[in-house]
Engineer: 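Can you read through this structure? Questions will come right after.
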Amino acid sequence: PLEMAKITQKNFYRQLKQTGNAYAWKNKLETYNPNYYKWTQWFFLKLFKAGLAYQKEAPANFCPSCKTVLADEQVIQGKCERCGAEIEIKFLKQWFFKITQYAPRLLRNLEKLDWSLKVKIAQKNWIGKSEGAEIDFRLFLPQVKRFVILHGKGASPKDNFYLWLKSELKKAGFEVEVPKLPNSFEPNDVKQTEYVLKNCNLDENTIVLGHSFGGIVALRLLEKGIKLKGLILVATPRTDKFLDHKKRPSVSTALKKGFNFKIIKENCRNILLLYDLKDDVVPLSDGESFAKELSAQLIKAIGQKPHFRFKKEPEVLNICLPSIKIFTTRIDTIFGATFLVLSPFYELIRKNDLAILPEAKEYIKETLKKTKKEIKDEKTGVFSGLYAINPATNKKIPIWISDYVLASYGTGAIMAVPAHDQRDFEFAKKYNLPILQVIQVPDLNNEKNILDKAYEGEGILINSAQFNGLKSQKAKEKILNWLKEKGVAQKAVSYHLRDWLISRQRYWGPPIPIIYCDKCGTVPVPEKDLPIKLPYIKNFKPLGTGKSPLANYPKFYKTKCPICKGLARRETDVLDTFLDSAWYFLRYPSANNKNLPWDKKITKKWLPVDMYIGGAEHSVLHLMYARFISMVLYDLGFVDFEEPFKKFRAHGLLISQGAKMSKSKGNVVNPDEYIKKYGADTLRMYLMFLGPFEQGGDFRDEGIVGIWRFLNRVWQLVQEIKIQDQKLKNKNSKLDKLMHQTIKKVTEDIENLQYNTAISQLMIYQNTLQENLKILSLKHIKTLLLLLAPFAPHISEELYQVLKAKAQNQKSKQFKSIFEQKWPKYDSKLIREDAFKLVIQINGKTRDVIEAKTGLSETEAKELALKSPKIKKW
RNA sequence: GCCCGGGUGGCGGAAUUGGCAUACGCGCAAGACUUAAAAUCUUGUGCCAUCUCGAUGGCUUGAGGGUUCGAGUCCCUCCCCGGGCACCA
């Protein structure tokens, strides 16, 4: 790629120069240059340190042909933005930028921007804000009747979260016991176990929750042969390694006996472990070792207080009464929610070993083999084996798993309301799930409102208990408040925008500056070590193993940990090259600065960009990324503007033979051929003359000779003209008027990107000059050349030199360039017409047109009109 | 399905606020130059009628309706083309 880039860029630069584009060539840059991508990597580090770059395991768009993952924006209609292959969903660990954190601002700022409406709307839709609610649907726990909570060392039933948890569980309809265990300060697990056996009601409908030392007691109960429905260990020690173990001889003694895990597992099949990441008493590793021995699910969380010692610990309640959070914009239809649907990638299913059916597990595996298109084409799903409780109706509803629910939107779970959502309707029909109508269909006389498809509109509520008769809008508000009071719902906003996936398993891109060390974890490369150069390797083809080709080069990835200096491994994925282009405008003015990404003073002078012109295809790609990066840099104090481009205009796309130009279609129009035949000026001017700049169209060369002829006539004009005596000056007011009108029109049209009409005005002007060849003065022709210069720079410059030589009596001399002359100004007094055409219409039809002098009064104009002989018969 | 553009001569396209629709260019036709062709220049060129043959009348901006003295332009309904997004709950 490096060699190829150098060849293609050479040709690219040649063509840009040849077409007469006046760029500041001193300030050019190439993003593959280590001097440039050094700073791209530097951004990554800045974002990483600001908590805006993170790694996560998530379903990602994977292109099987490019063999890399892609960002959401880079999937166009289910296909790869680069190669067009059908995208698959793979569950992989990748790096992301938290662009979603900026979603509200990216949306809000749009209003202030002077951008093509098209692009603003595209961005708005892509960010896709929806307002609604998040609602908790509690899981239905079959056969569970009773909770027994065992407190820890030195505690009593009144301490920590016990009282609160007891009341919450009671509210949910369970029996709860919290025994006061004997000798709490110097507890003996044998004695406490005996106490529980004697005093508590334990059976196969009971879940025991043990907190800290209470967990050891719980395990002993199972060892004794007690069978339980479930066991929850909250921060229970496995080893006596915790900080002040010397002060806890009782715990050490209890642990020394060890556990009979085999019997424990036999007596209880549902075991969940909850450990606090910031625990200052029991290390997380205890939870990990328990999880291994008990083959149980370990949930890592952060307690309100370390070791879960606060009065309210929602994480603990969540374990006892797991619930599924859904997002909806139609809370008014909640009484019609007859089932829940989870995405196959829903966190709970993946991470918690809920009692889901084997066929559901199989389904999740199968989903990973499908392409996006296959998923879309047919709705499939499977019953999970679980049930939830609809918080509005308190009814038990089944939980299904289906890939028609996206993991990456909302919470990854939905309440299905088949009567009022077409997708849910189709799903319910296919799998024979109940459909309950809760909104009246207007204009339907039939009282039963039988539905053969979902009614998705709003209306009056039915089958919704106390909310019957309300209109959707009002009902949304009331139901939300009702569920809020119950503590199971809250207002929520969801965005369509996803975090920006920036890892690529390609070769060509800046390596992600991260080092993995067994001891120190994920370590950012120190800034002084940048750039991490992309090595020159022979086999750069993608591997298809989910890893970058760099993963085959130990020379690249073997490194030392910057912290402990031990052996470590570099990240081998590279950064999305869209990140390179997300900040290049900042680099242009300071392109030659070796020590900084940009010079503060120069940046202040030149940026933000006044006017930016590009393709609309970058609406949600480059333009969104660049805005995000600018906002981050602003927040971090590196630049003093949030928005990089004040004004943006999208040029139209020129297509060829009815399709986008592409090498594979063989319909590429090569400018070189036209330059060879007609010259660069003709080509560039023809492109401008073709049609409205912002519209684009099919490229045909049928009219190109028109421009060629026009430029030839201008050429002839300058050759033929004889510079007159100054006497003739100002004699021809008609020509002067046209000249000033032309200056005005061309100036304004250029500013509005209406090049086609500017050129047509130049043609009119040129034609008139030709007709009045004998009475032309220098200014007329000079103005023509000045106005023509931006369109046809080469010929204008040459003719300008000829003209100057003529004007100064043929002395051959090098004159200043036309591009150093001032742009002509028009005199608005001279533009005003002194005559106008008085159009006489009768019943909207033109019956006569009379030449009239300006400044007539209404009566005078009427009189004049009535004199027209033609109107008499009308 | 939703959201943007757009639909005007044979073609690319013009048309400030509603006020001569078709500017400018291509193409085409006739003429000039030429032995001839190309190039160049000049003139003409929306469609349909009518006749006394250079005028007169009518029609025309995707379709239909409306507002107005007057609509390519404003309002309503619909059709077609291009682009974007799309199980987004």
Side-chain angles (χ1 to χ4, degrees), chain A residues 72-73 75-78 116-130 132-134 326-331 333 337 340-341 343 372 375-379 402-417 420-424 426-427 456 494-498 615-617 619-620 650 652-653 655 658-660 685-686 689-692 694-710 712-713 716 748 754 756-767 770 836-850 870 873:
Chain A
D72 218 42
E73 292 81 7
V75 179
I76 313 289
Q77 313 211 319
S116 296
L117 193 65
K118 202 183 169 179
V119 172
K120 285 216 263 186
I121 289 170
Q123 290 214 348
K124 194 184 162 199
N125 291 343
W126 189 261
I127 297 166
K129 183 179 177 179
S130 352
E134 279 180 0
I326 63 99
F327 174 77
T328 182
T329 54
R330 289 301 300 276
I331 195 170
T333 63
L340 292 189
V341 190
S343 159
K372 264 199 160 181
I375 288 174
K376 242 208 97 165
D377 283 350
E378 202 199 341
K379 277 190 184 55
S402 168
D403 52 20
Y404 88 87
V405 172
L406 303 171
S408 47
Y409 183 74
T411 60
I414 61 151
M415 65 175 200
V417 185
H420 304 291
D421 183 289
Q422 188 57 27
R423 299 156 297 183
D424 300 344
E426 284 164 22
F427 194 76
E456 295 188 322
S494 241
Y495 292 93
H496 169 200
L497 185 71
R498 308 290 146 83
E617 70 272 20
S619 298
V620 294
L653 186 66
I655 58 173
K660 246 186 209 180
M685 204 161 165
Y686 178 60
F689 188 61
L690 262 179
E694 297 188 63
Q695 211 168 281
D698 209 336
F699 178 88
R700 270 180 232 150
D701 55 14
E702 279 156 17
I704 196 165
V705 283
I707 299 291
W708 163 252
R709 285 174 194 157
F710 166 73
N712 275 322
R713 282 195 288 260
Q716 275 304 313
E748 289 173 358
Q754 289 159 336
N756 53 338
T757 49
I759 291 168
S760 106
Q761 182 66 29
L762 283 173
M763 287 170 168
I764 293 168
Y765 182 54
Q766 186 278 136
N767 279 338
Q770 190 77 46
F836 71 103
K837 279 168 181 166
L838 180 66
V839 178
I840 304 166
Q841 288 186 343
I842 295 166
N843 285 336
K845 303 217 188 251
T846 304
R847 294 304 171 193
D848 199 7
V849 181
I850 300 169
K870 284 187 186 171
K873 60 176 168 178

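A, B, ... follow the sequence lines: proteins, then strands. Residue 1 opens every chain.
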Engineer: Which is true for K118(A) with a 4.0 Å heavy-atom rule: it touches a base, it touches only sugar-phosphate, or it touches nothing?
Structural biologist: sugar-phosphate
Engineer: Over 60° means perpendicular and under 30° means parallel, so tell me whether H496(A) and W126(A) are parallel, tilted or perpendicular.
Structural biologist: tilted
Engineer: Return the nearest nucleotide to the side chain of Y409(A); candidates are rC85(B), rG13(B), rA89(B).
Structural biologist: rA89(B)
Engineer: Side chain of T329(A) only, please: which of rC11(B), rA89(B), rG12(B) is the nearest?
Structural biologist: rA89(B)
Engineer: Counting side-chain heavy atoms from CB outward, which of rC24(B), rC85(B), rC26(B) is closest to S760(A)?
Structural biologist: rC24(B)
Engineer: Could you please name the option among rA89(B), rG25(B), rC26(B) that lies closest to any side-chain atom of V705(A)?
Structural biologist: rC26(B)
Engineer: Whole Å only: how far is the CD atom of E694(A) from the C1' atom of rG6(B)?
Structural biologist: 14 Å
Engineer: Can you tell me if NZ on K118(A) sees more than 12 non-hydrogen neighbours from other groups inside 6.0 Å?
Structural biologist: no
Engineer: Tell whether K379(A) reaches the base of rC87(B) with its side chain through a donor-acceptor pair below 3.5 angstrom.
Structural biologist: yes
Engineer: Using a heavy-atom cut-off of under 4.0 Å over every strand shown, decide if I76(A) touches base, sugar-phosphate, or nothing.
Structural biologist: sugar-phosphate
Engineer: Using a cut-off of 4.0 Å on non-hydrogen atoms, how would the nucleic acid contact of S130(A) be classed: base, sugar-phosphate, or nothing?
Structural biologist: sugar-phosphate
Engineer: Verify, without hydrogens or angle tests, whether S402(A) (side chain) and Y404(A) (backbone) share a donor-acceptor contact under 3.5 angstrom.
Structural biologist: yes
Engineer: For atom C1', what is the distance between rU50(B) and rU61(B), given to the nearest Å?
Structural biologist: 26 Å
Engineer: Around atom NZ of K379(A), are there more than 12 heavy atoms from other residues, nucleotides or ligands closer than 6.0 Å?
Structural biologist: yes
Engineer: Does N125(A) make a side-chain N or O approach to OP1 or OP2 of rG84(B) shorter than 4.0 Å?
Structural biologist: no
Engineer: Nearest to the side chain of L690(A) - rG12(B), rA86(B), rA23(B)?
Structural biologist: rG12(B)
Engineer: Tell me the interatomic distance from Y686(A), atom OH, to rC11(B), atom P, rounded to whole angstroms.
Structural biologist: 15 Å
Engineer: F427(A) has an atom CZ; how far is it from atom C1' of rA89(B), in whole Å?
Structural biologist: 14 Å
Engineer: What does F327(A) touch in the nucleic acid at a heavy-atom separation under 4.0 angstrom: a base, only the sugar-phosphate, or nothing?
Structural biologist: sugar-phosphate
Engineer: Specify the separation, in whole Å, of atom NZ of K129(A) and atom C1' of rA89(B).
Structural biologist: 17 Å
Engineer: Starting at the 5' end of RNA chain B, which residue's closest nucleotide do you reach first, L117(A) or I759(A)?
Structural biologist: L117(A)
Engineer: Using atom C1' of each nucleotide, how far apart are rC20(B) and rU60(B) to the nearest Å?
Structural biologist: 15 Å
Engineer: Tell me every residue that passes side-chain hydrogen bond (donor to acceptor under 3.5 Å, both in side chains) with S408(A), counting only those two or more places apart in sequence or in another chain.
Structural biologist: R498(A)
Engineer: Distance between the C1' atoms of rC74(B) and rG1(B), in whole angstroms?
Structural biologist: 29 Å
Engineer: Taking 4.0 Å as the cut-off, does a side-chain nitrogen or oxygen of R700(A) come that near to OP1 or OP2 on rC11(B)?
Structural biologist: no
Engineer: Between rC53(B) and rG57(B), how many Å separate the two C1' atoms, rounded to a whole number?
Structural biologist: 16 Å
Engineer: Is the backbone of Q422(A) close enough, under 3.5 Å, to the side chain of E456(A) for a donor and an acceptor to pair up by distance?
Structural biologist: yes
Engineer: In whole angstrom, give me the gap between the P atoms of rG62(B) and rA15(B).
Structural biologist: 16 Å
Engineer: Check this one for me: any side-chain N or O of S494(A) less than 4.0 Å away from OP1 or OP2 of rA89(B)?
Structural biologist: no
Engineer: Roughly how many Å is it from CZ in R498(A) to C1' in rA89(B), rounded to a whole number?
Structural biologist: 12 Å
Engineer: May I ask you to say what D421(A) touches in the nucleic acid, namely base, sugar-phosphate or nothing, with a heavy-atom cut-off under 4.0 Å?
Structural biologist: nothing
Engineer: In whole angstroms, how far is the C1' atom of rG25(B) from the CG atom of N767(A)?
Structural biologist: 11 Å
Engineer: N712(A) has an atom CG; how far is it from atom C1' of rG25(B), in whole Å?
Structural biologist: 15 Å
Engineer: Taking for each residue the nucleotide of RNA chain B bearing the nearest heavy atom, is the 5' side occupied by Q770(A) or by I375(A)?
Structural biologist: Q770(A)
Engineer: Under 4.0 Å between a side-chain N/O of R713(A) and OP1 or OP2 of rU40(B), yes or no?
Structural biologist: no
Engineer: Of all the nucleotides listed (rC85(B), rA14(B), rC26(B)), which has the minimum atom distance to the side chain of P692(A)?
Structural biologist: rA14(B)
Engineer: Taking 4.0 Å as the cut-off, does a side-chain nitrogen or oxygen of R709(A) come that near to OP1 or OP2 on rG27(B)?
Structural biologist: yes
Engineer: Using Watson-Crick or G-U wobble geometry with both distances below 3.5 Å, tell me the partner of rC78(B), or none.
Structural biologist: rG62(B)
Engineer: Determine the Euclidean distance between corresponding P atoms of rG58(B) and rG7(B); express it in Å to zero decimal places.
Structural biologist: 28 Å
Engineer: Has the side chain of D701(A) got a donor or acceptor atom that lies under 3.5 Å from a matching backbone atom of I704(A)?
Structural biologist: no
Engineer: Under the side-chain hydrogen bond (donor to acceptor under 3.5 Å, both in side chains) test, which residues partner Q766(A), sequence neighbours left out?
Structural biologist: none
Engineer: If the C1' atom of rU17(B) is compared with that of rA71(B), how far apart are they to the nearest Å?
Structural biologist: 14 Å
Engineer: So which nucleotide from rA89(B), rC85(B), rC24(B) ends up closest to the side chain of I764(A)?
Structural biologist: rC24(B)
Engineer: Does rG46(B) count as syn, meaning its glycosidic angle lies within 90° of 0, or as anti?
Structural biologist: anti
Engineer: Could you tell me the separation between the CD atom of Q77(A) and the P atom of rG1(B), rounded to a whole number of Å?
Structural biologist: 15 Å
Engineer: Could you measure between the two C1' atoms, the one in rG72(B) and the one in rA21(B), and give it in whole Å?
Structural biologist: 7 Å
Engineer: Under 4.0 Å, counting only non-hydrogen atoms across every strand here, what does L406(A) touch: a base, just sugar-phosphate, or nothing?
Structural biologist: base
